[in-house]
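Contents: one structure, followed by commentary.
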Amino acid sequence: MAVYRARQVARIREAVNAGRMAVRAAGIADARVFARAFVEAGGAQVPGDPSEAASQALGEQLLAALARGEASAADANLDRELKRAQTEAEWAMALDDDRIVGFLLQLPEQALEQPTVEALAHQSQGLGPGVVRKADVVVLQPDCDGAQFIALSDHDIEC
């Protein structure tokens, strides 16, 4: 399976920040708002193909799918970006919610069979295994497709 290269991860991370800022400015967890800013910032990336043409094509597909109201797609790359747009739009709104302190990364069973993914599930950044701070930008490799982030309050965090 192809993976994102380091420069693609950096591009995605920057674009996620742009998308989150757009959502926060709009004041609504709208995947279309996120996606417009994300695509404009070059965030739609095809794993293993850092070409501008591939990025633009995937970005156009993402915006068209969201305009049609699609929440999932048969194409793995498009499906990944549709899910990212929805997740990140919700995550952006959580940044202003003082009750939420982080997100628990919940990985699908088939992904956990890979050692690097399993290690990710147990990684701790001070809030507990598999929990990331809400201000962090997490770019998962395609091996993690199907992962979910579950919002956690300070009451949910183990000390």
Nearest 0.5 Å, what's the [atom1]-[atom2] distance between [X] and [Y]?
X: L105; Y: C144; atom1: CG; atom2: SG; answer: 7.0 Å
X: L95; Y: R20; atom1: CG; atom2: CZ; answer: 5.5 Å
X: R32; Y: L66; atom1: CZ; atom2: CG; answer: 8.0 Å
X: S153; Y: D97; atom1: OG; atom2: CG; answer: 9.5 Å
X: R13; Y: D136; atom1: CZ; atom2: CG; answer: 9.0 Å
X: Q45; Y: R5; atom1: CD; atom2: CZ; answer: 10.5 Å

### Task
Let me see the working for R133 and V101 under side chain to side chain contact (heavy atoms under 4.5 Å, CB included), right down to the final yes or no.
CA-CA 6 Å; R133 297 181 191 286; V101 296; over 6 Å; no
Between [X] and [Y], what is the shortest heavy-atom contact and its length?
X: T87; Y: F149; answer: CG2-CD1, 4.1 Å
X: L62; Y: A35; answer: CD2-CB, 4.0 Å
X: A29; Y: V23; answer: CA-CG1, 4.1 Å
X: I100; Y: K134; answer: O-NZ, 2.9 Å
X: G42; Y: S55; answer: O-OG, 3.8 Å
X: P47; Y: N77; answer: CD-OD1, 3.2 Å

#### Entry: Stepwise salt bridge (charged side-chain N to carboxylate O under 4.0 Å, His left out) test for R36 and E60
CA-CA 10 Å; R36 278 191 295 277; E60 289 171 8; over 6 Å; no
#### Entry: Contact check, side chains of Y4 and P50, non-hydrogen atoms, under 4.5 Å
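The answer is no, as the side chains (C-beta and beyond) never meet within the 4.5 Å cut-off.
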Find out if a path of hydrophobic residues (ILVMFWY) with successive side-chain heavy-atom gaps under 4.5 Å connects [X] to [Y].
X: M93; Y: V16; value: yes
X: L82; Y: V33; value: yes
X: V39; Y: V139; value: yes

### Task
Would you sort out whether L152 and F103 count as a side chain to side chain contact (heavy atoms under 4.5 Å, CB included), showing the intermediate values?
CA-CA 6 Å; L152 299 175; F103 290 88; over 6 Å; no
### Task
Mind jotting down which residue pairs meet the salt bridge (Lys or Arg N to Asp or Glu O under 4.0 Å) criterion with at least one end in residues 73-83? Sequence neighbours excluded, please.
D79-K83, R80-D145, E81-R84
### Task
Answer yes or no: are there more than 12 heavy-atom neighbours, outside Q141 itself, under 6.0 Å from its atom CD?
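Yes - once you tally the heavy atoms of other residues, nucleotides and ligands closer than 6.0 Å, there are more than 12.
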### Message
Under 3.5 Å, is there a donor on one side chain and an acceptor on the other for Q86 and E90?
### Response
yes
### Query
According to the ring-ring contact (aromatic ring centres under 6.0 Å, His included) rule, which pairs have a member within residues 6-44, sequence neighbours left out?
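Pairs touching residues 6-44 that pass the test: F34-F38.
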### Message
Between Q8 (side chain only) and V46 (backbone N and O only), is there a donor and an acceptor less than 3.5 Å apart?
### Response
yes
### Query
Which is it for N17 and V137 under the side chain to side chain contact (heavy atoms under 4.5 Å, CB included) test, yes or no, and what are the steps along the way?
CA-CA 8 Å; N17 280 325; V137 174; 3.3 Å; yes
